[in-house]
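Okay, structure first, notes after.
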Amino acid sequence: MRLRSRFASEMHARLASTLPEALATAWDGQAVVVAVEQIKFTPAGGIEGDWARKATLTGVVRAELRAGEVDALEVEPLIADLVAAPVHLAFDPDTPMGSFSEKARFVLTDWRDVIRETQVVSALRFTVEATIAAHAGPGARPDLLIGQAPEIGPDHVGTYASLAGDAA
């Protein structure tokens with residue numbers, strides 16, 4: 001599951017657009033550190049596009065902004081961006097057939113300052129709802145057929161047209 005790394009990349013992109021001065025960190029060169037506080041998993045089933053759902057998850061993820069002088073930065077644009085447009089991750093289309101990917105939605109719930117080695121770190125907590133699915137490909141979808149009324153039902157299957165085909 002690459003949920004943590006994909007979310008960290010998205011947070012880095014949001015910082016670059018709304019708070020670029022936070023990317024200049026005095027620590028280890030990593031301005032955003034993401035950690036999972038708690039995730040609960042439940043089984044899932046069904047097909048979603050080209051993806052076979054395997055599990056859903058809900059929980060809390062924490063992102064820490066570790067910029068030098070983070071307490072002096074104007075964070076309002078970042079907060080407004082995260083609240084107005086929560087982070088959404090879609091299934092990764094480059095996932096090989098049979099491999100797993102995730103789609104998720106992260107909603108900012110709280111912001112706290114934390115002291116780490118005489119530095120102030122901004123800690124953001126997000127609730128996350130996600131689905132883990134295997135890339136099943138287009139063959140996993142059932143055929144969708146349509147027929148014109150009143151010629152519908154088992155006696156008229158031969159007159160049905162496929163929605164995926166030339167029935168427009």
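As the structure is a computational prediction, the values presented were derived from the model and not from experiment.
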According to a hydrophobic-cluster definition based on side-chain heavy atoms being under 4.5 Å apart (Ile, Leu, Val, Met, Phe, Trp, Tyr only), do [X] and [Y] belong together?
X: Phe7; Y: Ile79; result: yes
X: Met11; Y: Trp111; result: yes
X: Leu3; Y: Phe41; result: yes

Considering non-hydrogen atoms only, spot the tightest contact between [X] and [Y] and give its length.
X: His135; Y: Pro96; answer: CB-O, 3.6 Å
X: Gly98; Y: Ala134; answer: O-CB, 4.3 Å
X: Arg112; Y: Arg125; answer: NH2-NH1, 4.1 Å
X: Leu65; Y: Val32; answer: CD2-CG2, 4.0 Å
X: Ser101; Y: Arg2; answer: OG-NH2, 4.3 Å

Geometric class of the Phe106/Phe126 ring pair [parallel <30°, tilted 30-60°, perpendicular >60°]: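 Aromatic pair Phe126/Phe106 classed perpendicular.
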More than 12 heavy atoms from other groups under 6.0 Å of CZ on Arg53: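 Counting neighbours around CZ of Arg53, more than 12 heavy atoms of other residues, nucleotides or ligands fall under 6.0 Å, so yes.
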Give, for atom [atom1] of [X] and atom [atom2] of [Y], the distance between the pair rounded to the nearest 0.5 Å.
X: Thr18; Y: Leu78; atom1: OG1; atom2: CG; value: 4.0 Å
X: Glu102; Y: Thr95; atom1: CD; atom2: OG1; value: 7.5 Å
X: Thr131; Y: Leu89; atom1: OG1; atom2: CG; value: 11.5 Å

When you check the gap from the basic side-chain N to the acidic O, do [X] and [Y] get nearer than 4.0 Å?
X: Glu37; Y: Arg62; answer: yes
X: Asp92; Y: Lys103; answer: no
X: Glu10; Y: Arg14; answer: yes

Test side chain to side chain contact (heavy atoms under 4.5 Å, CB included) applied to Thr58 and Thr127, step by step: CA-CA 7 Å; Thr58 58; Thr127 57; over 6 Å; no
Within a strict 4.5 Å, meaning less than it, do heavy atoms of the [X] and [Y] side chains meet?
X: Glu48; Y: Phe91; result: yes
X: Ile132; Y: Leu57; result: yes
X: Gln38; Y: Val36; result: no

Evaluation steps, side chain to side chain contact (heavy atoms under 4.5 Å, CB included), between Leu108 and Val87: CA-CA 9 Å; Leu108 179 64; Val87 175; over 6 Å; no
Chi angles and distances behind the side chain to side chain contact (heavy atoms under 4.5 Å, CB included) call for Val128, Ile39: CA-CA 8 Å; Val128 60; Ile39 297 279; 3.8 Å; yes
